[in-house]
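Written out below as C-alpha cells is the structure these notes cover.
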Amino acid sequence: MNYFKERFNKRFLKNGIKALSFVLIIAVILLALSPVFMPKTNKGLKDKSAQGFLAEPDNSIDVVFVGDSLAYSSFIPLKIFNDYGISSYVCCTPSQTLAYSEDFVRRAFKNQKPKLVVLETDGVFRRFNPLQSLVLRAEEFLPIYRYHDRWKNLKLADFSSEFSSDYIVNDKGFRLYGGVKSASIKDYMKPSEKKASIPLKNKAYIENIKALCEENGAELMLVSAPCVKNWSCEKHNTVHELAEKLGVEYMDMNYMQEEIPIDWSKESRDGGEHLNYAGAEKVTTYFGAYLNSKNIFTDHRNDKSFEDWNKAYKSFLKEVEKIKKQDKLNSDKKSKKTKS
C-alpha cells in the first residue's frame with residue numbers, strides 16, 4: 001500500500017512540476033510579447049479619449065472626473081478652465097463600472113495630484129463581475145491580454161519602439177454632442193422614501209476610491225448629473241445615505257432645477273438620458289462656479305505652461321459653432337415639414 005501511495009505522490013509531484021513549468025514558460029512568452037502588442041502611443045489605447053490624461057504634464061490636473069457617459073456629456077473641462085483657470089479631465093467611458101473608475105483614479109494619481117476626484121453616480125448601481133478588477137490589473141501588467149488583436153497591424157517599429165504618451169486630447173475627455181430629442185418629465189424625481197439597492201461589492205469599490213483619494217491628499221465628491229431616464233428619488237436616497245456614511249460631499253443636480261434650469265424639451269439629445277451641449281453648458285457653468293468657490297485651486301489662465309489650454313478652448317468654440325449651426329438647420333427643416 002505504501003508503495004502505491006509513494007508512487008502516486010511522485011507522479012503527482014512530477015505532473016505538478018510539469019504544469020508549473022508550462023505556466024511559467026507561457027508567462028515569460030506573454031511578458032516578452034506584451035511590449036510588442038502594446039500601442040506605442042496613448043492614441044492607440046482603448047478608450048483613448050478618457051486615457052488622454054496620460055499625455056498631460058505631470059501634476060497639471062486639478063480635478064479628475066470618473067463615471068460613465070452621463071459625465072462625459074455633462075462636464076466641459078475647457079469651459080471650467082476658461083471661466084476660472086481650473087484644469088480638469090473627464091476620465092469617463094460608456095457604461096463605466098466602478099472597477100474601471102477605480103482603475104482610472106489609481107492610474108491618475110501616478111502622474112497627477114488632483115485636489116478633487118468627482119465620481120458621477122450612475123455607475124454606483126451598475127452590476128459587474130468582481131473579477132473585472134483583476135482583469136484590469138492583468139491587462140496593465142500584460143498588455144497583450146487587452147491588445148492581442150493588434151497582431152493584424154503589427155509593424156517593425158512595434159518590436160523596438162517604447163510607449164509614448166504624446167497624444168493630447170483637446171476636449172479633455174468631454175464629448176461634444178448636438179441634436180435635440182425632448183424628454184417627458186411626468187414622473188421625473190417623483191417623491192419617495194424608498195431606497196434603491198447597491199451591490200455590496202460596489203460599496204467596497206467606492207470605499208477603495210475614497211481610500212485612494214485620502215492616500216493622495218485628494219477629496220472625493222459624489223455628483224449625480226441631470227438625467228430623466230436613469231435617475232430617481234430612490235437612487236438619490238441611497239447615494240445620499242452612502243455619502244453621509246463615507247463623510248463625503250454629495251451634489252444631486254436632479255434636485256437643482258433653479259440653479260441648473262435644464263429645459264428637457266430642448267437640452268437633451270436622446271429623450272432625457274444624456275444632455276446635449278446646451279444642457280452641458282448649464283451644468284458646467286454651475287459646477288465651475290462651485291469649484292471656484294472652494295478656494296483651493298490656482299488660476300492657471302495666465303500660466304504659460306497652460307497656453308495650450310487657451311488655444312484648445314478657441315478651437316473648441318469653433319466646434320461648438322458647427323454644432324449650433326447644424327442644430328439650427330435641423331430645427332428649420334422640422335419647422336418646414338410641420339408647416340407643410
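When all heavy atoms are compared, the tightest approach of D263 to K282 is N-NZ, 4.2 Å. The two atoms that bring D62 and H300 nearest to each other are OD2-NE2, 3.0 Å, heavy atoms only. Closest non-hydrogen pair, F125 versus N202, comes out as C-ND2, 4.1 Å. The shortest non-hydrogen separation linking C92 to Y72 is O-CD2, 3.6 Å. Closest non-hydrogen pair, W309 versus P77, comes out as CZ3-O, 4.5 Å. Across S101 and G67, no two heavy atoms sit closer than the pair OG-N, 4.1 Å.
With sequence neighbours excluded, the residues forming a side-chain hydrogen bond (donor to acceptor under 3.5 Å, both in side chains) with S69 are H274, listed by chain and number. Every residue was checked against the salt bridge (Lys or Arg N to Asp or Glu O under 4.0 Å) condition with K115, not counting sequence neighbours, and none meets it. Judged as a salt bridge (Lys or Arg N to Asp or Glu O under 4.0 Å), and not counting sequence neighbours, the contacts of K328 are D332. Residues passing the side chain to side chain contact (heavy atoms under 4.5 Å, CB included) test with K194, sequence neighbours excluded: S192, E234. Remark: D299 engages R301 in a side-chain hydrogen bond (donor to acceptor under 3.5 Å, both in side chains) (not counting sequence neighbours). Scanning for side chain to side chain contact (heavy atoms under 4.5 Å, CB included) contacts around D252 gives M189, S224, W231, H236, Y250, N254, Y255, with sequence neighbours left out. Under the side chain to side chain contact (heavy atoms under 4.5 Å, CB included) criterion, T284 pairs with I76, K79, I80, not counting sequence neighbours. The side chain to side chain contact (heavy atoms under 4.5 Å, CB included) search around K113 returns N59, not counting sequence neighbours.
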List the atom pairs, with distances to 0.1 Å, where a side-chain N or O of residues 211-218 and a protein N or O form a donor-acceptor pair under 3.5 Å, not counting sequence neighbours.
from, atom 1, to, atom 2, distance (Å)
E214, OE2, K210, NZ, 3.3
N216, ND2, L212, O, 2.8

Side-chain atoms of residues 239-246: list all donor-acceptor pairs with protein atoms under 3.5 Å, sequence neighbours left out, distances to 0.1 Å.
from, atom 1, to, atom 2, distance (Å)
H240, NE2, E244, OE2, 3.4
E241, OE2, K195, NZ, 2.6

Quick one: side chains of residues 285-296, donor-acceptor pairs under 3.5 Å with protein atoms, not counting sequence neighbours, listed by atom name and distance.
from, atom 1, to, atom 2, distance (Å)
T285, OG1, E281, O, 2.7
Y290, OH, E249, OE1, 2.7
Y290, OH, E249, OE2, 3.4
Y290, OH, K294, NZ, 3.4
S293, OG, Y290, O, 2.6
K294, NZ, E219, OE1, 3.3
K294, NZ, E219, OE2, 3.2
N295, ND2, S293, O, 3.3

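Listed by first and then second residue, the salt bridge (Lys or Arg N to Asp or Glu O under 4.0 Å) pairs that reach into residues 167-177 are E56-K172, sequence neighbours excluded.
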Please assess F128 against Y205 for the test ring pair (Phe, Tyr, Trp, His ring centres under 6.0 Å), listing each intermediate value before the final yes or no. CA-CA 11 Å; F128 61 93; Y205 275 99; 5.3 Å; yes
